[in-house]
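Residue numbering restarts at 1 for every chain, and letters A, B, ... go by the order of the sequence lines. In this text the structure is predicted, and so the values were computed from the model without any measurement.
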Protein chains: 2
Amino acid sequence: MPLDDAEDAHQPNAAGSSTSNPGPNRKPTLKTIAELTGLAVTTVSRALGDDPLIARETRQRVQAAAAKVGYLPDRAAQRLRTGRTNVISLVLDPHEEILGYGTSMIRGMTATLRGTPYHLVITPHFSDTPQIDPVRHIVRNRMADGILFSRTEPSDERVKFLLEAGFPFVCHGRTELATPHPYVDYDNYRFTYEAAKKLIASGCRRLFIILPPERFTFHHHMRHGFMTAVREEGVGFEIAEGITLDSKADTVRNHVAARLADGDRPDGFICGGEVSAMAVMSATHDLGLEIGRDVRLVAKQTSGLFDQVRPQIETIYEDLSEAGRLMAGLLLKRMAGVTPVGELQAVLEV
Amino acid sequence: MPLDDAEDAHQPNAAGSSTSNPGPNRKPTLKTIAELTGLAVTTVSRALGDDPLIARETRQRVQAAAAKVGYLPDRAAQRLRTGRTNVISLVLDPHEEILGYGTSMIRGMTATLRGTPYHLVITPHFSDTPQIDPVRHIVRNRMADGILFSRTEPSDERVKFLLEAGFPFVCHGRTELATPHPYVDYDNYRFTYEAAKKLIASGCRRLFIILPPERFTFHHHMRHGFMTAVREEGVGFEIAEGITLDSKADTVRNHVAARLADGDRPDGFICGGEVSAMAVMSATHDLGLEIGRDVRLVAKQTSGLFDQVRPQIETIYEDLSEAGRLMAGLLLKRMAGVTPVGELQAVLEV
DNA sequence: TAGGCAATTTATAACGTTATAACCCGAGCA
DNA sequence: TGCTCGGGTTATAACGTTATAAATTGCCTA
């Protein structure tokens with residue numbers, strides 16, 4: 001596709017011939033180029049598509065003319081005619097917007113989509129409606145050619161629906177469905193496993209982990225990695241109940257503070273999110289305890305935040321921007337017709 | 001506009017009459033409803049638009065039929081015919097994506113746009129191309145009906161261009177242009193003024209401020225508020241040179257550390273961003289100094305971050321989500337035809 | 001020289017919508 | 001009776017693109 005980003009072409013002030021066009025210069029269409037080159041609209045269309053049926057010389061002539069008048073195809077017309085929308089919908093959950101989670105991903109996605117004809121459209125999912133509603137809406141009304149979303153669940157309704165509809169999508173996180181599907185995930189099992197090992201290696205004997213809400217698949221991955229490590233090492237452990245990575249920071253702080261004030265308090269914390277990690281730190285601080293001496297903490301890092309937080313804690317990095325790039329990349333592949341699911345899955349290593 | 005969000009209408013399995021339609025049920029169009037009601041396509045179109053020229057009884061009948069088959073207008077066709085895109089473009093600078101700046105705004109915008117026919121499309125602006133390119137592209141090719149952007153400059157090219165083109169937009173931040181234009185801004189003058197006063201009131205005698213890059217209007221607002229306060233109080237001050245709110249956190253930390261190690265070190269810091277505030281805190285900590293005793297810090301808060309950061313610092317809140325809501329709201333007004341610029345401007349109080 | 005074939009180009013129709021102008025029909029009036 | 005009037009409805013065309021089928025041309029073969 002030779003023409004998708006317009007160079008800053010000058011609009012020639014009197015491009016058309018002596019036709020009495022009212023406006024000084026209208027938006028150039030195929031017709032404009034057809035008149036300019038003396039060809040038929042159809043020919044111009046094909047020439048711009050580099051159709052080998054059109055003589056090479058003609059193609060070049062047409063493409064030159066198009067560039068000269070700064071022609072860009074009308075997306076609405078293309079969409080109406082072909083049924084393709086050139087839109088990719090990112091269905092965003094409000095929770096994902098905290099502290100740049102969604103943002104890093106968006107940056108990655110837009111980077112990949114650059115230079116393609118695709119636009120990224122944010123489709124918010126409001127918490128007072130079922131999770132699947134926006135997805136249904138997009139598919140039913142052909143609002144997009146592909147869908148991206150995250151916070152995947154083991155038996156995700158969206159995945160089931162999209163698979164059945166044969167609609168291209170890539171989600172962040174896996175399911176436990178029998179049918180394989182495209183996804184990008186992070187090795188959250190490994191994350192908690194390594195985090196626990198680190199804490200134990202530095203002397204912790206009672207680990208405390210804050211997990212994502214149970215309905216998400218990565219809750220189970222994280223739990224599993226954690227449990228494997230603590231069982232291997234035979235140390236005490238505790239899984240936070242009543243709070244999750246989605247809980248409000250104040251709630252987490254209060255909960256953690258209560259545990260820290262207790263007799264058999266944990267001495268090692270694992271947080272899969274920056275917000276809750278900050279809450280653990282503030283709770284610790286407020287009780288006069290010290291991170292690194294009284295308790296240790298390993299957090300998942302998804303931004304540069306913890307480089308500046310003091311005292312410094314141990315972190316394990318998840319590159320969400322890379323995840324976004326990958327998700328968009330796989331979706332492009334899928335939309336281009338690649339169907340072997342094996343080529344459409346990726347797990348980012350810890 | 002009665003129909004924009006489809007309720008989850010069942011697709012009646014054999015809605016059409018005995019016409020031999022190949023697929024079991026196709027996407028319903030005006031034609032579908034026309035056949036169903038025995039009216040002409042034109043009539044259906046008008047009836048759905050609640051055109052008073054159509055008999056009230058007919059309108060109701062048509063709307064009922066539309067709801068029954070789950071009709072939603074084809075956006076591409078509407079767009080092609082009317083020239084309206086039903087799209088609002090948010091032109092995002094990569095810098096704005098740090099720590100949720102853009103994200104909070106997006107949340108506000110999508111909240112306002114909910115229930116309207118408008119979609120929010122993220123148009124990234126890549127730093128290797130002129131700032132105005134995506135804006136030109138959107139206007140020239142009618143990619144959207146309105147534009148939102150931020151990081152406004154005193155003599156902003158985008159504003160000038162959009163004003164001249166008569167294209168609806170709302171920006172975050174003001175210009176110093178003679179022609180008034182729609183904007184939403186935060187009272188950054190007041191922010192730095194109050195921040196400085198607070199620091200001085202708590203005993204600071206040498207203030208240090210980190211400003212946004214000089215090319216942005218709010219650099220000047222912040223500088224002015226700061227200068228006014230320090231002059232009124234006659235205290236020492238220092239304006240960071242070589243670093244800005246956009247500098248990388250490590251750079252800021254090193255710079256601040258160097259100043260703190262100096263003999264006449266500042267004892268009060270003002271940061272208009274969360275990243276730089278964190279950097280000031282880490283620099284302070286690393287030198288064995290203590291926030292609240294040796295130095296004080298007032299930061300702008302745009303998320304819940306500082307509620308968890310210890311030691312606690314003073315912050316002044318800017319509600320970016322509210323800014324996003326307002327920007328979208330004003331843009332809707334503007335696109336609906338409101339032109340008195342006075343009604344399209346807002347400054348959020350500190 | 002007619003027929004056929006390949007290489008190009010073109011005409012036509014269609015996607016789903018809406019603006020414009022035309023149509024129909026009964027009521028009211030001269 | 002013929003006329004206008006106006007409420008209600010409809011036919012037609014157009015937005016810009018592309019898929020399909022058709023047409024044109026030159027050239028080669030029978």
**Asked** When you look at B:T175 and B:T152, which way does the side-chain hydrogen bond (donor to acceptor under 3.5 Å, both in side chains) test go after all the steps?
**Response** CA-CA 7 Å; B:T175 64; B:T152 309; over 6 Å; no
**Request:** Report the C-alpha distance between A:R325 and A:S321 in whole Å, list the side-chain angles of each, state the deciding distance to 0.1 Å, and finish with yes or no for side-chain hydrogen bond (donor to acceptor under 3.5 Å, both in side chains).
**Result:** CA-CA 6 Å; A:R325 270 192 295 277; A:S321 152; 3.1 Å; yes
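In this structure, B:I54 places its CD1 atom 18 Å from P of D:dG6, rounding to the nearest Å. A:D74 has its CG atom 13 Å from the C1' atom of D:dT18, to the nearest Å. Protein atom CG of B:L53 is 13 Å distant from nucleotide atom P of C:dT20, rounded to whole Å. B:R56 places its CZ atom 13 Å from the P atom of D:dT9, with the value rounded to the nearest Å. With rounding to whole Å, A:D51 atom CG is found 12 Å from C:dA7 atom C1'. Per the geometry, CG belonging to B:D50 stands 16 Å off C1' belonging to C:dT18, to the nearest Å. Regarding A:L30, its CG atom lies at a distance of 7 Å from the C1' atom of D:dG16, rounded to whole Å. Between the CZ atom of A:R75 and the P atom of C:dG16 there is a distance of 20 Å, rounded to whole Å.
Positionally, the nearest nucleotide of DNA chain C for A:A40 lies more toward the 5' end than for the other of A:A77 and A:A40.
A salt bridge links A:D128 and B:R114; the closest N-O separation between the charged side-chain nitrogens and carboxylate oxygens is under 4.0 Å.
The side chain of A:T82 places no N or O atom within less than 4.0 Å of a non-bridging phosphate oxygen (OP1 or OP2) of D:dT18. When the side-chain nitrogen and oxygen atoms of B:S45 are compared with OP1 and OP2 of C:dT17, none of them lie within a distance under 4.0 Å. Side-chain N/O atoms of A:Q78 include none lying less than 4.0 angstrom from OP1 or OP2 on D:dG16.
Sorted by first and then second residue, the pairs that involve residues 157-170 of chain B and meet salt bridge (charged side-chain N to carboxylate O under 4.0 Å, His left out), not counting sequence neighbours, are B:D156-B:R158, B:E157-B:K160.
Listed nucleotides: C:dA19, D:dT20, C:dG16. Nearest to the side chain of B:T29: C:dG16. When each of D:dG8, C:dG16, D:dT10 is scored by its nearest atom to the side-chain atoms of B:T42, the top-ranked nucleotide is D:dT10. Counting only heavy atoms from C-beta on, A:L80 has its side chain closest to D:dG16 among D:dT17, C:dT10, D:dG16. Checked against D:dT18, D:dT10, C:dT17, the side chain of B:L39 finds its nearest nucleotide in D:dT10.
One donor-acceptor pair, N or O on each side, does fall under 3.5 Å between the base of C:dT10 and the side chain of A:R46. For C:dT18, the base has a donor-acceptor partner in the side chain of B:R81 [N/O atoms by modelled type, under 3.5 angstrom].
Put simply, OG on A:S150 and CG on A:L92 are 7.0 Å apart, with the number rounded to the nearest 0.5 Å.
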